Each structure stands twice: as structure tokens, then as C-alpha cells.
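Just so we're clear, the structure is a prediction, and the values are computed from it rather than from any experiment. What you see below is based on every heavy atom in this structure, not just the backbone, and it leaves out hydrogens, waters and symmetry mates. Chain A is the first sequence line, chain B the second, and so forth, proteins listed ahead of strands; every chain is numbered from 1.
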There are 2 protein chains.
Amino acid sequence: MHILAQSIERDPMPRMGMVLDRSMPWSLPPMTRLPPVPRPVAVPAAKDATIVEQDDEAKYCFLIVTGCVRTVRTMTDGRRQIGEFLFAGDVYGWDVLETHDYGIEAVTPSLLHRFPRDELQEFADTHGNFGRRMRELSARQGRASRDHMILLGRKTATERLASFLLALAVRLKLEDGTWIVPPMSRSDIADYLGLTIETVCRQLKHLREDGTISSNGTKILIHDRRSLMGCARMALH
Amino acid sequence: MHILAQSIERDPMPRMGMVLDRSMPWSLPPMTRLPPVPRPVAVPAAKDATIVEQDDEAKYCFLIVTGCVRTVRTMTDGRRQIGEFLFAGDVYGWDVLETHDYGIEAVTPSLLHRFPRDELQEFADTHGNFGRRMRELSARQGRASRDHMILLGRKTATERLASFLLALAVRLKLEDGTWIVPPMSRSDIADYLGLTIETVCRQLKHLREDGTISSNGTKILIHDRRSLMGCARMALH
DNA sequence: CGTGGGTTTGATGCTCCTCAATTGCTGTGG
DNA sequence: CCACAGCAATTGAGGAGCATCAAACCCACG
């Protein structure tokens, strides 16, 4: 208990520092048997179907196998924020507490694999390398959230659009010179970027008039990646 | 490998789904000895001192023992976003990748404890319960980030201020009817809420004129918690 | 008592939102 | 094959909210 029990007295919520407090055991009691490998249940989802409602109990964790889904939180008056778009290989609902603060909905027809969270927890407890990879996963999602906080808090509409297009091009694994066909609607993009549909359209128009991109209906072509990065105020890499 | 190697082929970045892929071992090789309990190094910080620069290599993890610190990311042109304010018992820099995307600076004179991240990793690998608590910690910070995304993306200036004051009152463990003395400046509050200093002042004025709060210089008193929650568009609890 | 920092208030302008109308696309039925 | 409906995307006009610039204020400190 060398570390910090002294700094966390009489606290209403479970505090972060507590993890290093020796008053709780660090190790788990020895297992009589190893927990089974968690087995997935296939969950198909039609376009715009809700897979998990916001504030649902966090019993399950999902792996996106095919398609694209959005994480969504809606305020009582209807204002909506999209947390992230998830694609094949992404995981939803791991680093949450008792409930899913954001729900998920299918952007395109999708297939997901559902895992019981408690089984994954148990498995992570007993398989250090697996736990470590899950921790890395949390870290990656944490970083994405923090990046998005800068976008929402401090970037202009054009910068948000530019950042989004660049990230999308990377995510869809497109080489320069190929057309991007975003799977999500303008409305989804707007709610992801903290803007309105109209502003998204107008900023696309600006970028088109700059000659930075072309767009034809739903398709978008990045002409000048470097200039787009300038618009996005992102470091080159 | 029943789960999803098939969905993550030819991907430029390490993908999340990979954690469940059997091509990497789940367990760690057996240890000849248990890793030592990570030992802290005390790190004092004067007001406004930078403890970790943004984009520094993530060698260390910090526990705030006393005081208040802010996590900060600054854009090349000087625009600044504060990710969160950390108080005694909070942990910084655990769920990151190779670098700290946000730096930390002391809001008030503070004392931190510094731990090598790799030692904590190793310790978590071999002590299931510790790892589990660290995962819960990540989950808590993830939720805080996602909450903040809604604030930054969809809330009005008044709502942001109201949310902030309520959260601060909880964080500083104040009962209703006691004066809040925020340790951070207007500038910090503004950069946390994605606003300007002037807007923060004006919104405080509005809340004062509504009779929801009183404020005298730096001190703030919440008169009507319920009404403030209304302003913040938060669910009661 | 004056200096300097942060804070508050005021005047003005720009960005983005709101409301409304138009265009374009897709699928369906005649 | 075309006409039409339904929906998303686009464009336009006007306004609200917040940012910017500038000045006054307040308080702590030497």
C-alpha cells in the first residue's frame, strides 16, 4: 500500500488511483481450470438497424466482421453525436463500465460477432498476452476519442471535413487517385463532425472549388493530399 | 483462429480485431520469477509547469497525489484543447500507445508519482486482478472522453458551462450550498469547453442573472442544482 | 500606491445554423 | 421505357451564437 491509499479517502466514486492500492489483492485466486475460449455468436444487421441501444447493460462486446457501423448517442431533444465509425476488424463495447454509453447502428448491412464481456474479462485475466492486446485496443480507441476532441473543440468546419476525408481514405485503404465512396450519409458525417448537413455540403463545395477534391454525387476524389492535410492542420507523415 | 483473421487482411495499421486472432499466442511464456511491484518516483510540479510534453515517448505513467493538473494538446497555430482535469487519485498516461498525445501541466502546485509503464504492463500481465482494475480505469477515462465529445460537438455554451460546474462540484466533493473555488483559470476552462474566455464569462453572467448560481470573483455558488442540470441537459441521478 | 496579471464588459463581425426551396438519384409501377 | 414518388443532397437567404478586438475593471503583489 506504498502508493496512494492516502490520496483517496472518502471518495464517492471508485477512483482511478485505487488500482494501485494494496488493500485489494493484485492477483486473482488460483483457477481450478482455465476459462474457455470465448465463442462468438453471429449477429447480422440490416442497414440502419440498431444493434445496441444507448444505455443498455453492457453484457456483450462486438466485433465487426463485415460492413460499417456507427456509435451513437442522442440527447433527449434529438441532438445526436456519432462517436466513431467502425469497420471490419474493429471492436465495440470493450472499454465500457456497466452500460454502453453509446449505442451502435449499422451504416451498411453488416455482420458482427457477439461475445459475452464477462467471458472475455475472465479470459483476459488468465491470458496475459490477450489482456495486453485488449489493453492496446483500449489505448487505440482512447487516442481516437482524444483526437476527435480536438476536432470538435477547436477545428473549423473545413478542417473537420478535411480531417475526415483523410482519415476515411486511410481507413478504406485507398491509394491516392482512387474515388472514395463513403458508406455513410451526409447526416452521419455531420453528426460525427459536430456540424449540420448543410455545412458539410458547403465545405465540400469549397474544397471542390479550391481544386483540392472532386466530388460527383456520393463519390469523392482527393486530388491533392498534401493540400488537404494543410486544410486539416495535420502533421505530415 | 475461429474468430476473425479472415476479416483483417492486408491492413496498414494493427487492427483491433487482431486481439482475438489465434495467430498470436494468448498466454505469455511462463515467468521464471514474478515481476517486482512497480515503485513510484515522487515528481513535484510548480504551478503551470509542464510535466510531460505532448508527443513525448510514453515511458512513464503518472498518479496525481495532490493538486490539480490538466492534459493539453496544442495545435501548431496555438489553438489549445484541454482533455481533462486530473485530481488526487487520478492516473495519467496509462492507456496510450508509443507517445503521449496530450501533455500534462500543473494547474496548481502538485505532487505526482511516476511509474515506468513497461513495469506496470508486466505487472498487469502477471496479476490478473491488477490488470482488471487497470482496464476499468481505461474504461472510465474512455467514458469521460466520450461524454466530452457530446459536450464539444453538440452542446451550447450555457450547457457546457453548466455541465462543467456540476462535474466540478462532484469532483471537489462539495455539498450543495458550499462555494466552489475552481483551481483553474478562465482560460483553462475555455480551452476545456471549446470556448473563449469571454464566452465563459458571459455564460457565467447569464447563469448569475438567472439566479441559478452566484459568483464572486473566482468563487462560485450553485443555488439551484436541479435548474443547473436542466441547463446542462443532463439526466438526473 | 502603482504595476501587472487575470477577469469582466462592450461593440462588432464572421462562422455556422436554421429554414426553405431546388436539384438529383433510385427504385417502382404503369 | 418513361413517369412519378420518395429521399438524400445541394443551394440560397437570413439570423443567432459565439469569436474577435478593445477597453475597463479588479485584485494580489512588490
### Query
Salt bridge or not for B:Asp90 and B:Arg171, using N-O below 4.0 Å?
yes
### Task
Consider the side chain of A:Lys205, meaning its heavy atoms from C-beta on, and name the nucleotide among C:dT7, D:dC18, D:dT11 that approaches it most closely.
D:dT11
### Residue pair B:His206 / B:Thr158, side-chain donor-acceptor N/O under 3.5 Å
no
### Query
Once you round it to whole Å, what is the distance between P of C:dC17 and NZ of B:Lys155?
18 Å
### Query
With a 4.0 Å cut-off, would you call A:Arg73 and B:Asp147 a salt bridge?
no
### Message
From C-beta outward on B:Thr199, which listed nucleotide comes closest to its side chain: D:dA19, D:dT11, C:dT9?
### Response
D:dA19
### Query
Any salt bridge between B:Lys205 and B:Asp210, counting N to O under 4.0 Å?
no
### Summary
B:Leu204 atom CG is separated from C:dG6 atom C1', nearest whole Å, by 14 Å
### Message
Need to verify one output field. Residue with the more 5' nearest nucleotide on DNA chain C, A:Asn216 or A:Thr158?
### Response
A:Thr158
### A:Phe115/A:Tyr60 aromatic ring centres below 6.0 Å
no
### Message
Whether A:Arg79 and A:Asp77 form a salt bridge (side-chain N of Lys/Arg under 4.0 Å from carboxylate O of Asp/Glu) is what I want to check.
### Response
yes
### Query
Within the structure shown, what part of the strands sits under 4.0 Å from B:Thr218 by heavy-atom distance: base, sugar-phosphate, or nothing?
nothing
### Query
Atom CZ of A:Arg79 and atom C1' of C:dT18: how far apart are they, to the nearest Å?
14 Å
### Query
Rounded to the Å, how far apart are B:Gln203 CD and C:dG10 C1'?
15 Å
Sort me out a list of protein N/O and nucleotides 21-26 of chain D N/O pairs below 3.5 Å, or just none if empty.
unit_1: D:dC21; atom_1: N4; unit_2: B:Glu198; atom_2: OE2; d: 2.9

### Task
Just call it for B:Leu195: base, sugar-phosphate, or nothing, with non-hydrogen atoms closer than 4.0 Å on any strand.
sugar-phosphate
### Most 5' of A:Arg154 and A:Ile197 on DNA chain D, judged by nearest nucleotide
A:Ile197
### Donor + acceptor pair across side chains of A:Arg80, A:Thr74 (<3.5 Å)
no
### Query
Between atom CZ in A:Arg186 and atom C1' in C:dT23, what is the gap in whole Å?
14 Å
### Query
Can you tell me how far P of D:dT10 sits from NZ of A:Lys219, to the nearest Å?
12 Å
### Query
Any idea which of C:dT18, C:dT8, C:dC16 is nearest the A:Thr196 side chain?
C:dT18
## Note on the structure
Between CG of A:Leu151 and P of C:dC16 the distance, given in whole Å, is 12 Å
#### Entry: Between C1' of C:dG10 and NE2 of B:His206, the distance in whole Å
13 Å
